[in-house]
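Have a look at this one.
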Protein chains: 2
Amino acid sequence: MTVMQTKPADTARTAPADICSAPPRRHPRPDGQDRYTISEVVAFTGLTAHTLRWYERIGLMPHVDRSHTGQRRYSNRDLDWLDFVTKLRLTGMPVADMVRYAELVREGESTYAERQELLESTRRDVLTRIAELHDTLSVLDHKISFYAAGK
Amino acid sequence: MTVMQTKPADTARTAPADICSAPPRRHPRPDGQDRYTISEVVAFTGLTAHTLRWYERIGLMPHVDRSHTGQRRYSNRDLDWLDFVTKLRLTGMPVADMVRYAELVREGESTYAERQELLESTRRDVLTRIAELHDTLSVLDHKISFYAAGK
DNA sequence: TATGACCTTCGAGTGCACTCCAGGCAAGCG
DNA sequence: CGCTTGCCTGGAGTGCACTCGAAGGTCATA
């Protein structure tokens, strides 16, 4: 991976993004930098470049800034968004629903209520899935102890 | 759904099944019955008839008994197996891996160790997924409280 | 100036887990 | 007897979430 030469970050960027950003950063990012190439983002997130471009095409990413030659330059805010999307994906949320949330974010403050609803419904799903997994865990433990005793 | 006329259950059935059956029954089953039609199993499990036949084709089900006219007759043991498979599916285990486990069960006692290993690795996956979901939950809670305060 | 690493787009292809369809058999009912 | 319902089979189709390929542009270094 080549770490590209970067211009100083545009402080005036007004790309719509989720106002409420996640405080804990899971991927180390070089300090004082705000313009990452796609291959850097691949390294940070574990997603493929193809998937990153595809997310953009389907409207799951806010518009990503470009270099003067047309190459993508991701901001820290974009990385935060990708972290969030990755978490939503882990809950089993369909991509279409995540796109819907992204649209609400783009539409601005007037969609706060709807966003809150969507997240609350997702929260309920997550709690259900956790309960199911605990249930499964107890079945697994039961069977494992059977095999452990049996031989 | 038609509740079919049933013969008394073959007590001599020796179909290979997981010796270690799950004690808690999640779907109500009529007492004293051991031969269910496919549509009864659909009602019990929530799976579709297509999916049940497909599970059999790919080797995920032990061989299901048939009526004299060739229709499937599921036993309580088959239902236990389906409950277990459904739980494994919830963990995100690929169908191919479940088929592998089913094969081990068919091969008999000599595969106890390998079955135990497989279940233990699944157990680790489940714990990981639970941790991921808790992580996601805290992000959701953070955002929800932001929206709740913000409007 | 040429090589190779990196990037671009758009459209097509892949793998998984179902899901459906066509064509047909068997049983119960008026 | 004919109608309806339920079930059978094998193979084809669907939807999702990527994943890849082709053709070509850009850029730093040899």
Side-chain angles (χ1 to χ4, degrees), chain A residues 1-7 35-61 63-75 78 81-82 84-102 125, chain B residues 1-7 35-61 63-75 78 81-82 84-102 125:
Chain A
M1 177 182 52
T2 307
V3 175
M4 308 287 293
Q5 179 68 22
T6 54
K7 308 188 291 202
R35 289 172 64 78
Y36 308 95
T37 65
I38 200 165
S39 60
E40 288 171 314
V41 177
V42 165
F44 294 154
T45 63
L47 299 166
T48 71
H50 283 300
T51 300
L52 288 168
R53 295 191 195 102
W54 179 68
Y55 277 2
E56 210 174 318
R57 255 191 295 182
I58 63 174
L60 186 51
M61 281 297 291
H63 260 77
V64 173
D65 202 17
R66 300 298 177 117
S67 73
H68 68 103
T69 56
Q71 297 191 355
R72 287 168 182 79
R73 291 294 179 269
Y74 291 83
S75 68
D78 293 332
W81 175 256
L82 283 170
F84 178 54
V85 161
T86 299
K87 284 199 191 310
L88 288 185
R89 230 169 42 87
L90 286 176
T91 70
M93 182 186 275
V95 167
D97 291 2
M98 297 194 284
V99 170
R100 173 73 189 133
Y101 184 81
D125 292 348
Chain B
M1 177 182 53
T2 309
V3 175
M4 307 287 292
Q5 178 67 21
T6 53
K7 307 188 292 200
R35 290 171 65 77
Y36 307 95
T37 65
I38 200 166
S39 60
E40 287 172 316
V41 177
V42 165
F44 293 154
T45 63
L47 299 166
T48 71
H50 286 302
T51 301
L52 288 169
R53 294 190 196 104
W54 179 67
Y55 277 2
E56 210 175 318
R57 259 193 290 185
I58 64 173
L60 186 52
M61 281 296 290
H63 260 76
V64 174
D65 203 15
R66 299 299 177 116
S67 73
H68 68 103
T69 55
Q71 297 191 355
R72 286 170 183 80
R73 291 293 178 267
Y74 291 84
S75 68
D78 293 330
W81 174 255
L82 283 170
F84 179 54
V85 161
T86 299
K87 283 199 191 313
L88 289 185
R89 228 169 43 88
L90 286 176
T91 70
M93 180 186 276
V95 167
D97 291 2
M98 299 193 282
V99 170
R100 174 74 189 131
Y101 184 81
D125 292 347

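Throughout, a chain's letter reflects where its sequence line sits, starting with A, and its residues are numbered from 1.
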Nearest to the side chain of W54(A) - dA17(D), dC18(C), dT8(C)?
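Given the options dA17(D), dC18(C), dT8(C), the side chain of W54(A) is closest to dA17(D).
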Under a 3.5 Å distance rule, please check whether E56(A) uses its side chain to pair with a backbone N or O of R53(A) as donor and acceptor.
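Between the backbone of R53(A) and the side chain of E56(A) there is no qualifying donor-acceptor contact (under 3.5 Å).
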Interatomic distance, L52(A) CG vs dT8(C) C1' [rounded to whole Å]:
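Spelled out: CG on L52(A) to C1' on dT8(C) is 14 Å.
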From CG of D97(B) over to P of dG15(C), roughly how many Å is that when rounded to an integer?
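These atoms are roughly 17 Å apart.
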Looking at R35(B) and D65(B), does any basic side-chain N land under 4.0 Å from a carboxylate oxygen?
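Between D65(B) and R35(B) there is a salt bridge, with a charged N closer than 4.0 Å to a carboxylate O.
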dC7(C) OP1/OP2 closer than 4.0 Å to side-chain N/O of T37(A):
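T37(A) to dC7(C) OP1/OP2: side-chain N or O found under 4.0 Å.
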If you restrict it to nitrogen or oxygen atoms, what contacts under 3.5 Å exist between nucleotides 9-13 of chain D and the protein, and what is each distance?
| from | atom 1 | to | atom 2 | distance (Å) |
| --- | --- | --- | --- | --- |
| dT9(D) | OP1 | R66(B) | NH1 | 3.3 |
| dT9(D) | OP1 | R66(B) | NH2 | 3.2 |
| dT9(D) | OP2 | R72(B) | NH1 | 2.9 |
| dT9(D) | OP2 | R72(B) | NH2 | 2.6 |
| dG11(D) | N7 | R57(B) | NH1 | 3.0 |
| dG11(D) | O6 | R57(B) | NH2 | 3.2 |

Please report the distance, rounded to the nearest Å, between CG in L47(B) and P in dC18(C).
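L47(B) atom CG is separated from dC18(C) atom P by 8 Å.
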Q71(B) has an atom CD; how far is it from atom P of dT5(D), in whole Å?
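Answer to the nearest Å: 16 Å.
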For the side-chain contact (heavy atoms from CB on, under 4.5 Å) test, which of V85(B), L82(B), L52(B) pairs with M61(B)?
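Option passing the side-chain contact (heavy atoms from CB on, under 4.5 Å) with M61(B): L82(B).
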Main-chain N/O of A49(B) paired to W54(B) side chain as donor or acceptor, under 3.5 Å
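Checked: no pair found.
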Parallel, tilted or perpendicular, as decided by the 30° and 60° cut-offs, for the rings of F44(B) and Y36(B)
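Perpendicular: the ring planes of Y36(B) and F44(B) meet at over 60°.
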Main chain of L47(B), side chain of T51(B): is a donor-acceptor contact present, judged purely on distance under 3.5 Å?
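No: the side chain of T51(B) does not pair with the backbone of L47(B).
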Indicate whether OP1 or OP2 belonging to dC18(C) is found under 4.0 Å from a side-chain N or O atom of Y55(B).
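For Y55(B), the contact criterion (side-chain N or O under 4.0 Å from OP1 or OP2 of dC18(C)) is met.
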Please determine whether a side-chain nitrogen or oxygen atom of S39(B) lies at a distance below 4.0 Å from atom OP1 or OP2 of dC7(D).
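True: S39(B) side-chain N/O within range (under 4.0 Å) of dC7(D) OP1/OP2.
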M93(A) CE to dA17(D) P, straight-line distance once rounded to whole Å:
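Those two atoms, CE and P, are 11 Å apart.
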Check side-chain contact (heavy atoms from CB on, under 4.5 Å) between R89(B) and all other residues, then give those that pass, not counting sequence neighbours.
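R89(B) satisfies side-chain contact (heavy atoms from CB on, under 4.5 Å) with Y55(B), M98(B) once adjacent residues are dropped.
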Atom OH of Y74(A) and atom C1' of dC7(C): how far apart are they, to the nearest Å?
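These atoms are roughly 11 Å apart.
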Can you tell me the distance, in whole Å, between the CG atom of L88(A) and the P atom of dA17(D)?
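So the CG-P distance, L88(A) to dA17(D), works out to 13 Å.
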Over how many whole Å does the gap from H68(B) atom NE2 to dC7(D) atom P extend?
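To the nearest whole Å, that distance equals 14 Å.
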Does a side-chain N or O of T51(B) approach OP1 or OP2 of dA17(C) to a distance below 4.0 Å, or not?
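No, outside the criterion.
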Nearest listed nucleotide, side chain of T69(A), among dC7(D), dC18(D), dC27(D):
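Of all the options, the side chain of T69(A) is nearest to dC27(D).
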